[in-house]
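First comes the structure, then the notes that go with it.
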Amino acid sequence: MPELPEVETTRRGLQPHLLGRSITRTEILQPRLRWEVPPDLGAKLGGREIVEVGRRGKYLLLRTSHGTLIIHLGMSGSLRIATSEATLRKHDHAVFSLDSGERLIFHDPRRFGALLWSHIASDEHPLLRSLGPEPFDPRFHGGYLYQLARKRRCTVKTLIMNQRWVVGVGNIYANESLFIAGIRPDRQAQNIARKRYQKLAETVRQVLTDAIAQGGTTLRDFSNAKGQPGYFQLTLQVYGKAGEPCPRCGALIHMQKVGQRATFFCPRCQR
DNA sequence: ACTGGCTCCTGAGGGC
DNA sequence: TGCCCTCAGGAGCCAG
């Protein structure tokens with residue numbers, strides 16, 4: 001589920017509740033997530049002040065002086081702040097009690113998410129080490145994508161969804177960005193001109209920026225730290241719209257699988 | 001080295 | 001109403 005805008009929306013919502021606070025108690029109700037939750041996670045976190053509420057790609061990073069709690073939301077994960085009396089729901093897998101009296105609750109029906117501990121600088125953690133640049137990093141630009149594409153045999157959509165090359169772009173925002181850039185998702189990455197990659201890099205940044213401003217996209221179950229949905233789904237132009245008219249030219253939006261993922265595009269506008 | 005396919009889960013929705 | 005099938009914001013892992 002959550003792509004960069006949803007994770008960033010979550011981060012911004014959590015920050016005022018977590019920054020400068022300490023975790024007084026950790027309850028793991030379901031340790032079997034993407035990876036087993038470390039049994040000593042509570043001991044590592046206990047009493048440590050949260051000095052930074054960060055994000056790297058789709059990972060949330062709660063940094064303390066002794067290490068970092070790495071959180072990934074997978075496909076269906078969410079985090080919310082609740083009072084100490086609030087009742088738990090099905091699929092609430094972890095509860096972190098704070099010295100403010102509030103609780104941070106990790107909820108994830110499909111359990112593709114992760115809660116991990118990094119005692120080293122989190123950038124060096126194996127999961128984060130080989131991540132590509134943030135889309136807002138100046139190192140991410142059209143020329144960078146173009147150079148990458150020279151030596152790969154994959155579609156342009158697969159290229160921009162690979163977290164190794166650029167982080168944060170998932171299925172929804174890949175579809176939307178390629179529509180706005182006018183590029184067919186199933187085009188071989190090698191066969192696209194430098195100038196079009198410049199447009200694509202700008203478009204990716206713009207789409208993610210707009211989505212963050214709208215609080216992310218809620219298709220079925222995303223909600224922010226307060227349990228509220230996002231609104232970017234109202235802005236979606238092609239994702240999930242197979243058979244509907246293209247908002248630009250009126251041709252019917254086409255759906256096909258690209259790299260095993262549902263892919264939506266306008267066969268007339270996108271080349 | 002890459003690339004494509006499979007896999008981990010639960011729940012929703014459609015067809016019969 | 002129920003059963004069965006397919007599909008879903010991710011991404012690591014493995015074989016080829």
Side-chain angles (χ1 to χ4, degrees), chain A residues 1-11 29-37 55-60 70-79 89-94 106-116 125-132 135 148-178 185-186 188-190 204 207-208 210-212 214-224 229-243 255-264:
Chain A
M1 107 160 144
E3 306 181 34
L4 187 151
E6 291 73 36
V7 178
E8 179 61 19
T9 295
T10 300
R11 190 195 70 76
L29 308 171
Q30 169 57 275
R32 303 190 55 175
L33 304 179
R34 172 80 196 250
W35 294 281
E36 182 96 9
V37 178
R55 179 188 61 72
R56 179 76 176 95
K58 301 176 191 174
Y59 292 89
L60 267 169
I70 299 177
I71 305 174
H72 196 284
L73 299 176
M75 286 281 263
S76 60
S78 61
L79 288 161
R89 305 181 196 145
K90 192 176 183 184
H91 305 304
D92 285 343
H93 303 318
F106 176 83
H107 178 89
D108 184 11
R110 292 180 71 181
R111 291 196 267 131
F112 289 171
L115 296 174
L116 297 169
H125 189 279
L127 284 174
L128 308 190
R129 199 168 39 205
S130 52
L131 292 177
L148 267 178
R150 291 309 85 212
K151 31 188 197 282
R152 333 241 141 238
R153 273 184 31 264
C154 65
T155 64
V156 60
K157 183 177 180 233
T158 307
L159 184 82
I160 62 170
M161 285 180 68
N162 190 331
Q163 306 300 298
R164 190 181 178 89
W165 313 133
V166 58
V167 295
V169 180
N171 201 28
I172 293 179
Y173 300 113
N175 278 290
E176 294 298 305
S177 300
L178 288 161
D186 59 349
Q188 284 300 305
Q190 284 180 327
V204 165
V207 166
L208 295 176
D210 292 347
I212 292 168
Q214 307 248 32
T217 299
T218 297
L219 291 182
R220 64 197 92 240
D221 53 14
F222 171 72
S223 59
N224 66 21
Y231 294 97
F232 193 74
Q233 64 277 12
L234 304 174
T235 308
L236 294 178
Q237 305 201 64
V238 290
Y239 183 83
K241 301 200 183 288
M255 195 285 273
Q256 75 183 54
K257 295 266 182 180
V258 174
Q260 291 111 245
R261 309 296 297 275
T263 302
F264 303 87

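Every chain is numbered from 1, with letters handed out A, B, ... down the list of sequences. Keep in mind the model is a prediction, meaning the values are calculated, not measured.
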Could you spell out the base pairing of DNA chain B as a dot-bracket line? Use Watson-Crick and G-U wobble contacts where both distances are under 3.5 Å, [ ] for crossing pairs, | for partners on a different strand. .|||||||.|||||||
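- Between A/Arg261 and the phosphate of C/dG10, there is a side-chain N or O to OP1/OP2 separation shorter than 4.0 Å.
- Checked by atom type and distance alone, the side chain of A/Asn224 never pairs as donor or acceptor with a backbone atom of A/Thr9 at under 3.5 Å.
- Ring centers of A/Tyr173 and A/Phe232: under 6.0 Å apart, within the cut-off.
- Of all the heavy atoms in A/Pro2 and A/Leu73, the pair that sits closest is CG-CB, 3.4 Å.
- In this structure, C/dG9 is classed as syn because its glycosidic torsion stays within 90° of zero.
- Computed from coordinates, the A/Gln163 CD to C/dG9 P distance equals 14 Å when rounded to whole Å.
- The backbone N or O of A/Asn171 sits less than 3.5 Å from a side-chain atom of A/Asn175, completing a donor-acceptor pair.
- One N or O on the side chain of A/Glu6 and one on the backbone of A/Thr217 form a donor-acceptor pair closer than 3.5 Å.
- If you measure from atom CE of A/Met255 to atom P of C/dT6, you get 14 Å, rounded to the nearest angstrom.
- Rounded to a whole Å, the CE atom of A/Met161 is 14 Å from the C1' atom of C/dG12.
- Per the geometry, CG belonging to A/Leu236 stands 15 Å off P belonging to C/dA8, to the nearest Å.
- No side-chain donor-acceptor contact under 3.5 Å links A/Ser76 to the backbone of A/Gly74.
- When the P atom is compared between B/dC9 and C/dC14, the two are found 16 Å apart, to the nearest whole Å.
- The 5' end of DNA chain B is approached more closely, in terms of each residue's nearest nucleotide, by A/Cys154 than by the other of A/Cys154 and A/Arg34.
- Taking the P atom of each, B/dG5 and C/dC7 are spaced 15 Å apart, rounded to whole Å.
- Nucleic acid contact for A/Phe232: none, since no nucleic acid atom lies under 4.0 Å from a heavy atom of the residue.
- The backbone N or O of A/Met161 lies less than 3.5 Å from a partner atom in the side chain of A/Gln163, making a donor-acceptor pair.
- A/Glu176 places a side-chain N or O within 3.5 Å of a backbone atom of A/Val238 that can act as its donor or acceptor partner.
- Atom P of nucleotide C/dG10 and atom CZ of A/Arg220 are separated by 12 Å, given to the nearest angstrom.
- One interatomic measurement links the two molecules: OH of A/Tyr59 to P of C/dG10, which rounds to 12 Å at whole-angstrom precision.
- Atom-to-atom, CD of A/Gln260 to P of C/dG9 comes out at 13 Å; the value is rounded to the nearest Å.
- Between C/dG10 and A/Lys58, a contact under 4.0 Å exists linking OP1 or OP2 to a side-chain N or O.
- Mapping heavy-atom proximity under 4.0 Å, the span of DNA chain B touched by chain A runs 5' to 3' from B/dC2 to B/dG11.
- Stacking is found between A/Phe112 and the pyrimidine-like six-membered ring of the C/dG10 base under the 5.5 Å centre-distance and 30° plane-angle cut-offs.
- As a whole-Å value, the separation of A/Phe222 CZ from C/dG10 P is 13 Å.
- Nearest-nucleotide assignment on DNA chain B puts the 5′-proximal partner with A/Arg152, out of A/Arg152 and A/Gly259.
- Between A/Ile212 and A/Leu4, the closest side-chain pair of non-hydrogen atoms falls below 4.5 Å.
- Note on A/Tyr173: every side-chain N or O is 4.0 Å or more away from OP1 and OP2 of C/dG9.
- At distances below 3.5 Å, not a single donor-acceptor pair connects side-chain atoms of A/Arg111 with backbone N or O atoms of A/Arg34.
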